[in-house]
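The structure appears right after this line, and notes come after that.
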Amino acid sequence: MNTLVVGRIGRPQGIRGEVTVEVRTDDPGSRFTPGAVLATEPEQAGPLTIEQARWHSGRLILSFTGVEDRDAAEDLRGILLVVDYADIPPSDDPDEFHDQELLGLDVVTVQGAEVGTITEVRHIGQDLLVIGRPGGGEALVPFVRALVPEVDVKAGRVVIDPPAGLLEDL
């Protein structure tokens, strides 16, 4: 199954088996509803069925069927909640991309210099494209229009306009 991460289970919340969840989807209202069944990575940890969902102080709190106490909740810490990529409808917004669509795309500069291939999209404060370099190593490029003026998924290419110093060996 080709999966997309929609959440990561964090620390337990209280003593009744609830957990905090780091949300990694723009549609938590439909992904994290009671009765929803989510696959997991690692696969053997799930699937998990959501029993209750609530927000507390800006953080999503979930309880899962069969997870009754803090110890069982602690055992879930770090588990990724995933959905099958094929079940996600494409976005209507031409400037919005799912991480999975970007992985493996070739990256070139606006001058046409080869930069590498997107290996990961990180969401830490802002979205970052992780580009595997042909000679080894990686480059991190903030995924903002000023630095990434063109994304052509069908052509398999991303064009970047890096400021001086971002890609020092080019």
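The residues of the chain are indexed from 1 along the displayed sequence. Nothing here was measured: the structure is a model prediction, and the numbers come from that model.
Within the model, atoms CZ of R31 and CZ of R24 stand 14.5 Å from one another, a figure rounded to the nearest 0.5 Å. From L103, atom CG reaches atom CD1 of I118 across 7.5 Å, with rounding to the nearest 0.5 Å. In this structure, CZ in R8 is found 12.0 Å from CG in L76, a value given to the nearest 0.5 Å. Rounding to the nearest 0.5 Å gives a distance of 11.5 Å between OG1 of T119 and CG of L102. The OG1 atom of T117 sits 10.5 Å away from the CZ atom of R133 when rounded to the nearest 0.5 Å.
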Step by step, would you call V151 with E101 a side-chain contact (heavy atoms from CB on, under 4.5 Å)? CA-CA 10 Å; V151 176; E101 293 176 283; over 6 Å; no
Would you please test V107 and L105 for side-chain contact (heavy atoms from CB on, under 4.5 Å) and show each step? CA-CA 6 Å; V107 181; L105 297 184; 5.7 Å; no
Quick one: do V141 and F143 satisfy side-chain contact (heavy atoms from CB on, under 4.5 Å)? Show the steps, please. CA-CA 6 Å; V141 176; F143 193 22; over 6 Å; no
Going through the distances and angles, do L38 and I50 end up as a side-chain contact (heavy atoms from CB on, under 4.5 Å)? CA-CA 8 Å; L38 296 169; I50 297 174; 3.9 Å; yes
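Across A139 and L167, no two heavy atoms sit closer than the pair CB-CD2, 3.6 Å. The heavy-atom pair separating T109 from V115 by the smallest distance is CG2-CG2, 3.6 Å. Residue R70 comes nearest to G14 through the heavy atom pair NH1-O, 2.8 Å, listed as atom of the first residue, atom of the second, then distance. Nearest heavy-atom pair across R59 and T20 is CD-CG2, 3.7 Å. Annotation for P34 and E51: closest pair CB-O, 3.5 Å, computed over non-hydrogen atoms.
Put simply, the side chain of S63 never gets that close to the backbone of G17: no donor and acceptor are under 3.5 Å apart. Between the R122 side chain and the L129 main chain, no donor and acceptor come within less than 3.5 Å of each other.
Linking Ile, Leu, Val, Met, Phe, Trp and Tyr whenever their side-chain heavy atoms come within less than 4.5 Å puts V148 and V153 in one cluster. Clustering ILVMFWY residues whenever any of their side-chain heavy atoms sit less than 4.5 angstrom apart, transitively, puts F97 in a cluster other than the one holding V108. Transitive grouping of hydrophobic side chains (ILVMFWY, heavy atoms separated by less than 4.5 Å) brings L147 and V158 into a common cluster.
Side chains of V37 and L48 form no contact here, defined as non-hydrogen atoms less than 4.5 Å apart. The shortest side-chain heavy-atom distance between L81 and T40 falls under the 4.5 Å cut-off. L62 has its side chain within reach of F32: a pair of non-hydrogen atoms, C-beta onward, lies under 4.5 Å apart. Contact annotation: the side chain of V23 approaches that of W55 to within less than 4.5 Å [non-hydrogen atoms, C-beta and beyond]. V130 is listed as a side-chain neighbour of E138, based on a closest heavy-atom distance under 4.5 Å. I79 has its side chain within reach of P42: a pair of non-hydrogen atoms, C-beta onward, lies under 4.5 Å apart. Taking 4.5 Å as the limit, every side-chain heavy atom of R16 sits out of range of all side-chain heavy atoms of D69. Within the 4.5 Å cutoff, the side chain of V21 has no heavy atoms near those of the I61 side chain.
Under 4.0 Å is where a charged nitrogen must lie from a carboxylate oxygen, and between E18 and R54 at least one such pair does.
Few gaps surround CG on L140; more than 12 heavy atoms of other groups in view lie less than 6.0 Å from it. Counted within 6.0 Å of NE2 on H123, heavy atoms from surrounding residues, nucleotides or ligands total more than 12; the atom is thus considered enclosed. Within a 6.0 Å radius of CZ in R77, more than 12 heavy atoms belonging to other residues, nucleotides or ligands are found.
Here side chain to side chain donor-acceptor pair (under 3.5 Å) pairs that include residues 140-159, with residues two or more places apart or in two chains, are D95-R145, E150-R157.
In this structure, E41 has no salt bridge (Lys or Arg N to Asp or Glu O under 4.0 Å) partners at least two apart in sequence or on a different chain. Applying the side chain to side chain contact (heavy atoms under 4.5 Å, CB included) test to V110 and every residue at least two apart in sequence or in another chain returns P149, V159, D161.
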